[in-house]
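Taking it in order: structure first as structure tokens, then the write-up.
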Amino acid sequence: MSGRLLRLVCTVAVTASVVLAPGRAAAEPAPGERPLPELLTDLSELYRGAERATETYNATAERLTRQRAESRRLDERLAKARRSLDDGRGAAGRLARQQYQGVSGISPYVRLLLARDPQRMLDEGHVVGRLARERAEAVTRLSGGERRADALAHAARRALDRQRSLTEQRKKDRDTVRSRLGEVERMLASLSPARLAELTRLEQERTAAAQEELLASGAVRDDERPPSPAAGRALRYALEQIGKPYAWGAAGPASYDCSGLTSKAWRAGGRPIPRTSQEQWDRLPHVPLDELRPGDLVLYHPDATHVALYTGHGMVVQAPRPGAAVTMTPLATAPVLGAVRPGAAL
């Protein structure tokens, strides 16, 4: 996030607390100005676009990390297979030389007839047969080693191609995030501090109304069970991060994005979970909202592009968006998609 964007968003908070008194009606828009509700909707969509791009970037970065590990693993296996193949070729060469040095123009049958001690010749024949079998087995091993080395070399090349493709995709995703944040910055820069403060207050009013409606519906109980030990550790970690800034693609310890906070919190709780909000929603066990417990994760928006950690009594701790810091907010800070419980997966 640029320093200008951070200053613009900080101006919103300062102006909202100093310029506007609680309960004051929003000022009528000046001629040519758009109504506040439209501005808030547009700004919210811009933030969502930035967050969606951020989670896409995070997912690509995670796939790239796994692909790099796979490439290293294949390279190590290929190097080992090639060393084994070199050893096998050396052994095969020695056997070939031994066989060549032991060639005779007389057939084994004639040698047996002319031998002074036929029984000894028969015993030696068993030895010769065993050596022949060993040579055949060596050739078979060599052939198998070559096939394995070829297969590993092919797999390593494909893994490298996938790694290069993911590296390029991550660059594109990074540029998309920066573009979305630039749109947010341009919109904020176009508004006066007073209009920004009015937008902030309107957003707070909408959140308060949505929270009241959610709690009144009974969808969230006020008598949650205590968190599990792992959830308690995750929750303590998240609460200790309050005040640290939001930064896209960050997973601590100095800054976080939304899923960076939740994934790092649960890792601190001893239960690693997927990095992105969409993976957390797709891969972790779902729980009804009326069964929420502290430590559960709450997912937002139909595409699960935002996530927070439930603290109990209708509140969550989250890294909300660019320009903000990790903080506690009402559960209904955005449209709730559902909840998951990481501890139940393990």
Between [X] and [Y] (side chain of the first, backbone of the second, donor and acceptor by atom type, cut-off under 3.5 Å), is there such a pair?
X: Ser179; Y: Asp175; answer: no
X: Ser263; Y: Ile273; answer: no
X: Tyr310; Y: Gly314; answer: yes

I want to check something: taking the side chain as every heavy atom from C-beta on, are [X] and [Y] in contact at a cut-off of under 4.5 Å?
X: Val298; Y: Leu331; result: yes
X: Arg267; Y: Pro272; result: yes
X: Asp42; Y: Arg34; result: yes
X: Leu196; Y: Thr200; result: no
X: Pro335; Y: His301; result: yes
X: Pro322; Y: Leu181; result: yes

[X], [Y]: one ILVMFWY side-chain cluster at the under-4.5 Å cut-off?
X: Leu40; Y: Tyr47; result: yes
X: Tyr57; Y: Tyr246; result: yes
X: Met315; Y: Val340; result: yes
X: Leu214; Y: Leu292; result: yes
X: Leu284; Y: Leu337; result: yes

Working to the nearest 0.5 angstrom, can you tell me the gap between [X] [atom1] and [Y] [atom2]?
X: Trp266; Y: Leu235; atom1: CH2; atom2: CG; result: 9.5 Å
X: Thr333; Y: His306; atom1: OG1; atom2: NE2; result: 6.5 Å
X: Arg48; Y: Tyr300; atom1: CZ; atom2: OH; result: 13.5 Å
X: Ser228; Y: Arg271; atom1: OG; atom2: CZ; result: 6.5 Å
X: Asp173; Y: Glu55; atom1: CG; atom2: CD; result: 11.5 Å
X: Leu43; Y: Glu38; atom1: CG; atom2: CD; result: 13.5 Å

### Task
Determine the sole option in Gln163, Arg162, Arg164 for which the side chain to side chain donor-acceptor pair (under 3.5 Å) test with Gln67 is passed.
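The passing option is Arg162.
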### Query
Under the side chain to side chain contact (heavy atoms under 4.5 Å, CB included) criterion, do Leu297 and Leu309 qualify, and how do the steps go?
CA-CA 5 Å; Leu297 304 184; Leu309 199 100; 3.2 Å; yes
### Residues in salt bridge (Lys or Arg N to Asp or Glu O under 4.0 Å) contact with Arg72, at least two apart in sequence or another chain
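Residues passing salt bridge (Lys or Arg N to Asp or Glu O under 4.0 Å) with Arg72: none at all.
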### Query
Partners of Glu212 by side-chain contact (heavy atoms from CB on, under 4.5 Å), sequence neighbours excluded?
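Per chain and number, Glu212 pairs via side-chain contact (heavy atoms from CB on, under 4.5 Å) with no residue.
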SB check [X] [Y] (cutoff 4.0 Å):
X: Arg73; Y: Glu76; result: no
X: Asp296; Y: Arg341; result: yes
X: Lys171; Y: Glu168; result: yes

### Task
Fit a plane to each ring of Tyr237 and Tyr256, take the angle between them on a 0 to 90° scale, and name the class: parallel (under 30°), tilted (30 to 60°) or perpendicular (over 60°).
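Answer is perpendicular, since the angle exceeds 60°.
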### Task
Using the six-membered ring wherever Trp is involved, compare the ring planes of Trp281 and His286 and label them parallel, tilted or perpendicular (cut-offs 30° and 60°).
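Aromatic pair Trp281/His286 classed tilted.
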### Message
Please determine whether side chain to side chain contact (heavy atoms under 4.5 Å, CB included) holds for the pair Arg180 and Leu46, giving the CA-CA distance in whole Å, both sets of side-chain angles, and the decisive distance to 0.1 Å.
### Response
CA-CA 7 Å; Arg180 297 292 183 269; Leu46 289 177; over 6 Å; no
#### Entry: Shortest non-hydrogen contact from Pro330 toward Val316
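Closest heavy-atom pair between Pro330 and Val316: O-CG2, 3.9 Å.
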### Query
Per the side chain to side chain contact (heavy atoms under 4.5 Å, CB included) rule, which among Thr65, Asp161, Thr60 passes with Leu166?
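Among Thr65, Asp161, Thr60, the one that satisfies the side chain to side chain contact (heavy atoms under 4.5 Å, CB included) with Leu166 is Thr60.
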### Task
Please name the residue in the list Leu299, Asn58, Asp282, Thr262 that meets the side chain to side chain contact (heavy atoms under 4.5 Å, CB included) test with Ser277.
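That would be Leu299; it is the only one of Leu299, Asn58, Asp282, Thr262 passing the side chain to side chain contact (heavy atoms under 4.5 Å, CB included) with Ser277.
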### Query
Between Leu239 and Met328, does a side chain to side chain contact (heavy atoms under 4.5 Å, CB included) hold up when you go through it step by step?
CA-CA 8 Å; Leu239 292 173; Met328 282 185 63; 4.0 Å; yes
### Task
Before giving the answer on side-chain hydrogen bond (donor to acceptor under 3.5 Å, both in side chains), spell out for Thr329 and Gln318 the whole-Å C-alpha distance, their side-chain angles and the decisive distance to 0.1 Å.
CA-CA 8 Å; Thr329 68; Gln318 61 170 313; 2.7 Å; yes
### Task
Take Asp257 and Thr54, measure what side-chain hydrogen bond (donor to acceptor under 3.5 Å, both in side chains) needs, and give me the verdict at the end.
CA-CA 8 Å; Asp257 61 21; Thr54 295; 5.7 Å; no
### Query
Under 6.0 Å from the CZ atom of Arg66, do we count more than 12 heavy atoms belonging to anything else shown?
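More than 12 within 6.0 Å, yes.
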### Message
Val317 vs Ile242, test: side chain to side chain contact (heavy atoms under 4.5 Å, CB included). Steps then yes/no.
### Response
CA-CA 8 Å; Val317 58; Ile242 287 177; 4.1 Å; yes
